[in-house]
Amino acid sequence: MHSFFETSRTFTMRYAGLSFYWAWVFLSFNSSDLTAPGGAHEILSVVHIVSSAAAMVTFALAIVFHRRVMACGSRRVGIALFVGSLVACAGTLLYTFPGLVGNNTFSVVGAAVSGLTCSAIVLAWGVVYRDLAAREAVLFTSMTFFGAAVLYLIVSYLGAVASSIVVSLFPVLAAALAAYSLGDRANGRTPAPSPSASAAWTGELGQLLRTGLSWRIIVGLLAALFVCGGMRVYFGDIAPVVYRDPILMTLPLAFGAVVFFIYGIFVSRTSLNLGILYRVAMPLFALALVLIALFGGDNAALAFFMMSTASVLFEVLTWALLVEITRTTHYPPLLIFAVGRLAVHVGIVAGELVAFAMIGNLMVFAILAIGILFVSAGFTFTDRDTTFLFEPPTPEELERLGAVGDGRAIEASAMRGAGAAGSADGAQPESVVDEDLLIRSNLWGRIDAMAKEYGFSPREKEVFALWVTGRGSKYIQETFVISEATVKTHVRHIYEKCDVHNRAELMNKLEEITC
């Protein structure tokens, strides 16, 4: 019980503010009563497209300058967030406030400025969430979406003026709480990266797409959200009434959050397997497409519930996945979240634009979209990409450990003994690391001290010895003749025994261990 209350307090004080951002998103782009009361529904999609296109600019800039931004002090970032949130507040008023609604120029300008600034707020929340353990990432993410559902329902029953003002204040609240959370954690575990490497952002981005946030995940996000964007347009054309029903809007949001929360209760503290839930969500898109294409508005409520639930699950899953990639790799959280959010926005906007171009050909779009879903389902969101990403120390980290020279020697030792290592998974084969050589190295004392203090098994100690000298999962697999899953199991056990939940904490323990 103490653990539950402690978790709730931590969530409330540091992470709950993300609910205000999600509530702003869903109310701004899914409530016709707020954005287009009594008017044409198309303006809702136009506002979303313009806002998302503007957000892409911010995400692209964040990718290019992520190291410079991460090196800024929390006070400076907090001031920038607050100023940006005031601009977002004004922009939101332009397309929601009675008397201004219906003016297309105001709506487009408001959507553009709010998209530019609110995208920075969500990136700040990504940095806040970077240190969460796997289970906390799932539970906290689901709680913020449930909070957004509650806020959506409350705002929906306010008057026109009050609802516009409240929604416009959500970015300010989200930014203020993000700034507070960043400042509260300014002395946290993950050091800010040096701005000197900012010129090499293209190489770092390429490495990220080859390892942590793989191209398969990006393709999966683009495919699923392309379908989601297209269906937003078709629902607005065939059954716009769904965007005026607050109950129908909040049910999928709350349902998706509850499903993910239940999953979080049973998930490991140190590892996620989100691929399963991704593969459950994708058929919901296909079913909704079939229903709306074959039966039109007759089954609009059911089809919309399926589509909305799937899109909410994708949003929740993607947020948790980005947190997972952040905690298990060395890449800056700002880069990871900027790339992930950019993929989300590109996919959904592309779907909306294609649907507008094919507005009278719903069946053709449905066939195209279902084909995209089925093709992408075969090779996206695999367990390999969504289950406990495994990354060895970087050259900079190895240099701090004084392990560069030792690593080459340990590699040669391991290669000489690899032939004796063949065994079935779970067995205890002979050592392939020359302990005499390690004893002569300045790294062995740390490895030995870690193994003794935290009770590593002989195999875990050997996996750790290779990992800590820069050897990746594939190298360890080949050296010990074990599967990738077994390597991940050993590393998970090391995390659990050391009582850490991210890669940075494990590196800190190794650097601070007393021989």
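One is the number of the first residue; the rest follow in order along the sequence.
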K.L.:
Check step by step if ring pair (Phe, Tyr, Trp, His ring centres under 6.0 Å) holds for Tyr129 and Trp319.
P.N.:
CA-CA 9 Å; Tyr129 270 60; Trp319 186 263; 5.7 Å; yes
K.L.:
To the nearest 0.5 angstrom, please state how far the CG atom of Leu116 sits from the OG1 atom of Thr58.
P.N.:
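Atom-to-atom, Leu116:CG and Thr58:OG1 are 4.5 Å apart.
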K.L.:
Looking only at the aromatic ring of each residue, does the gap between the centers of Trp22 and Tyr152 stay below 6.0 angstrom?
P.N.:
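No, ring centres 6.0 Å or more apart.
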K.L.:
How many angstroms lie between OG in Ser119 and CZ in Arg341, if you round to the nearest 0.5 Å?
P.N.:
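So the gap between those two atoms works out to 10.0 Å.
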K.L.:
Distance from Leu44 atom CG to Asn30 atom CG, nearest 0.5 Å?
P.N.:
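If I round to the nearest 0.5 Å, the distance is 6.5 Å.
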K.L.:
Atom CD1 in Ile325, atom CG in Leu208: separation rounded to 0.5 Å?
P.N.:
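Here the interatomic distance stands at 7.0 Å.
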K.L.:
Show your reasoning for whether side-chain contact (heavy atoms from CB on, under 4.5 Å) applies to Leu182 and Leu81.
P.N.:
CA-CA 11 Å; Leu182 286 170; Leu81 285 173; 4.2 Å; yes
K.L.:
How about CZ on Phe97, more than 12 heavy atoms from neighbouring residues, nucleotides or ligands closer than 6.0 Å, or not?
P.N.:
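Check passes, neighbour count above 12.
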K.L.:
Taking the side chain from Asn361 and the backbone from Val364, do they hold a donor-acceptor pair closer than 3.5 Å?
P.N.:
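No, because the side chain of Asn361 does not come within donor-acceptor range (under 3.5 Å) of the backbone of Val364.
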K.L.:
According to ring-ring contact (aromatic ring centres under 6.0 Å, His included), who are the partners of Phe314, at least two apart in sequence or on a separate chain?
P.N.:
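Counting only residues at least two positions away or on another chain, Phe314 forms a ring-ring contact (aromatic ring centres under 6.0 Å, His included) with Tyr278, Phe285, Phe381.
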K.L.:
Checking Ser28 side chain against Val25 main chain: does a donor-acceptor pair fall under 3.5 Å?
P.N.:
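No, because the side chain of Ser28 does not come within donor-acceptor range (under 3.5 Å) of the backbone of Val25.
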K.L.:
Heavy-atom distance under 4.5 Å between the side chains of Leu313 and Phe145, does that happen here?
P.N.:
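SC-SC contact between Leu313 and Phe145 ruled out.
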K.L.:
Check whether any side-chain N or O of Tyr234 sits under 3.5 Å from a backbone N or O of Phe356 as a donor-acceptor pair, and report yes or no.
P.N.:
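Looks like no, no N/O pair under 3.5 Å.
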K.L.:
Taking ring-ring contact (aromatic ring centres under 6.0 Å, His included) as the test, write out the residues that go with Phe255, two or more places apart.
P.N.:
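Phe255 satisfies ring-ring contact (aromatic ring centres under 6.0 Å, His included) with Phe305 only.
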K.L.:
Taking C-beta and beyond as the side chain, do Ile336 and Thr329 meet within less than 4.5 Å on heavy atoms?
P.N.:
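Counting from C-beta outward, Ile336 and Thr329 do come under 4.5 Å.
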K.L.:
Does Thr250 reach the main-chain N or O of Ile247 with its side chain, forming a donor-acceptor pair under 3.5 Å?
P.N.:
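It does hold such a pair.
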K.L.:
Do you know which two heavy atoms are closest between Ala179 and Gly78, and how far apart they sit?
P.N.:
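Looking at all heavy atoms of both residues, the closest pair is CB-CA, 3.7 Å.
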K.L.:
On a heavy-atom basis, which atom in Ile359 and which in Val233 lie closest, and how many Å separate them?
P.N.:
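Closest pair (atom of Ile359, atom of Val233, distance): CD1-CG1, 3.6 Å.
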K.L.:
Less than 6.0 Å separating the ring centroids of Phe226 and Phe365?
P.N.:
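Between Phe226 and Phe365, the centre distance is under 6.0 Å.
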K.L.:
Please check: side-chain N/O of Tyr331 versus main-chain N/O of Gln207, any donor-acceptor pairing under 3.5 Å?
P.N.:
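Such a contact is found between Tyr331 side chain and Gln207 backbone.
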K.L.:
Distance-only, no hydrogens or angles: does the Ser163 side chain make a donor-acceptor pair with backbone N or O of Ala160 under 3.5 Å?
P.N.:
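Side chain of Ser163 to backbone of Ala160: a pair is present.
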K.L.:
Is it true that the side chains of Thr141 and Tyr15 contain a donor and an acceptor less than 3.5 Å apart?
P.N.:
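The criterion, which ignores hydrogens and geometry beyond distance, is not satisfied for Tyr15 and Thr141.
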K.L.:
Can you confirm if the aromatic rings of Phe304 and Phe235 lie within a centre distance of less than 6.0 Å?
P.N.:
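Yes.
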K.L.:
Minimum heavy-atom separation for Leu123 and Ala62, please, with both atom names.
P.N.:
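Result for this residue pair: CD1-CB, 3.6 Å.
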K.L.:
Is there a side-chain contact (heavy atoms from CB on, under 4.5 Å) between Phe29 and Ser45 once you walk through the steps?
P.N.:
CA-CA 7 Å; Phe29 308 127; Ser45 293; over 6 Å; no
K.L.:
What heavy-atom pair brings Arg130 and Thr326 nearest, and what distance separates the two atoms?
P.N.:
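That would be CB-CG2, 3.5 Å.
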K.L.:
Under a 4.5 Å cut-off applied to non-hydrogen side-chain atoms, are Ile348 and Arg232 in contact?
P.N.:
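Of all side-chain heavy-atom pairs linking Arg232 with Ile348, at least one is under 4.5 Å.
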K.L.:
Are the side chain of Thr35 and the backbone of Ser32 linked by a donor-acceptor contact shorter than 3.5 Å?
P.N.:
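No; zero donor-acceptor contacts below 3.5 Å.
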K.L.:
For the pair Leu94 and Val108, evaluate side-chain contact (heavy atoms from CB on, under 4.5 Å) and give the outcome as yes or no after the intermediate values.
P.N.:
CA-CA 9 Å; Leu94 285 177; Val108 169; over 6 Å; no
K.L.:
Between Met70 and Val127, is there a side-chain heavy-atom distance shorter than 4.5 Å?
P.N.:
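In contact.
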K.L.:
Return the minimal non-hydrogen interatomic distance between Leu213 and Gly340, and the atom names on each side.
P.N.:
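Taking every non-hydrogen atom into account, CD2-N, 3.8 Å.
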K.L.:
Closer than 3.5 angstrom, by distance alone: can the side chain of His66 be matched with the main-chain N or O of Ile63 as a donor-acceptor pair?
P.N.:
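Checking the backbone N and O of Ile63 against the side chain of His66, a donor-acceptor pair under 3.5 Å is found.
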K.L.:
For the residue pair Leu335 and Arg67, establish whether any side-chain heavy-atom pair is separated by less than 4.5 Å.
P.N.:
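No - every pair of side-chain heavy atoms lies 4.5 Å or more apart.
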K.L.:
Going from CG on Leu248 to CG on Leu253, what distance comes out if it is rounded to the nearest 0.5 angstrom?
P.N.:
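The CG atom of Leu253 is 12.0 Å from CG of Leu248, to the nearest 0.5 Å.
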K.L.:
Side chains of Pro332 and Glu204: does their closest heavy-atom pair fall under 4.5 Å?
P.N.:
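Of all side-chain heavy-atom pairs linking Glu204 with Pro332, at least one is under 4.5 Å.
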K.L.:
Report all side-chain donor-acceptor pairs from residues 166-177 shorter than 3.5 Å, counting only partners two or more places apart or in another chain.
P.N.:
{"from": "Ser168", "atom 1": "OG", "to": "Leu93", "atom 2": "N", "distance (Å)": "3.4"}
{"from": "Ser168", "atom 1": "OG", "to": "Ser164", "atom 2": "O", "distance (Å)": "2.7"}

K.L.:
Closer than 3.5 angstrom, by distance alone: can the side chain of Ser51 be matched with the main-chain N or O of His48 as a donor-acceptor pair?
P.N.:
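No.
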K.L.:
Heavy-atom distance under 4.5 Å between the side chains of Leu27 and Thr96, does that happen here?
P.N.:
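Of all side-chain heavy-atom pairs linking Thr96 with Leu27, none is under 4.5 Å.
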K.L.:
Taking C-beta and beyond as the side chain, do Tyr243 and Ser31 meet within less than 4.5 Å on heavy atoms?
P.N.:
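They are not in side-chain contact.
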K.L.:
Assess the residue pair Ser107 and Val46 against the criterion (side-chain contact (heavy atoms from CB on, under 4.5 Å)); give the C-alpha distance rounded to whole Å, side-chain angles, the decisive distance to 0.1 Å, and a yes or no.
P.N.:
CA-CA 9 Å; Ser107 295; Val46 170; over 6 Å; no
K.L.:
Return the CG to CG distance between Leu132 and Leu139, rounded to the nearest 0.5 Å.
P.N.:
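The CG atom of Leu132 sits 10.0 Å away from the CG atom of Leu139.
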K.L.:
With a 4.0 Å cut-off on N to O distance, would you call Arg327 and Glu136 a salt bridge?
P.N.:
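No, this pair does not count.
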K.L.:
Specify the closest pair of heavy atoms between Ala111 and Tyr95, including all atoms of both residues, with the distance to one decimal.
P.N.:
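Looking at all heavy atoms of both residues, the closest pair is N-CD2, 3.7 Å.
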K.L.:
So does Thr144 get a backbone contact from the side chain of Ser19, meaning a donor-acceptor N/O pair under 3.5 Å?
P.N.:
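Checked: pair present.
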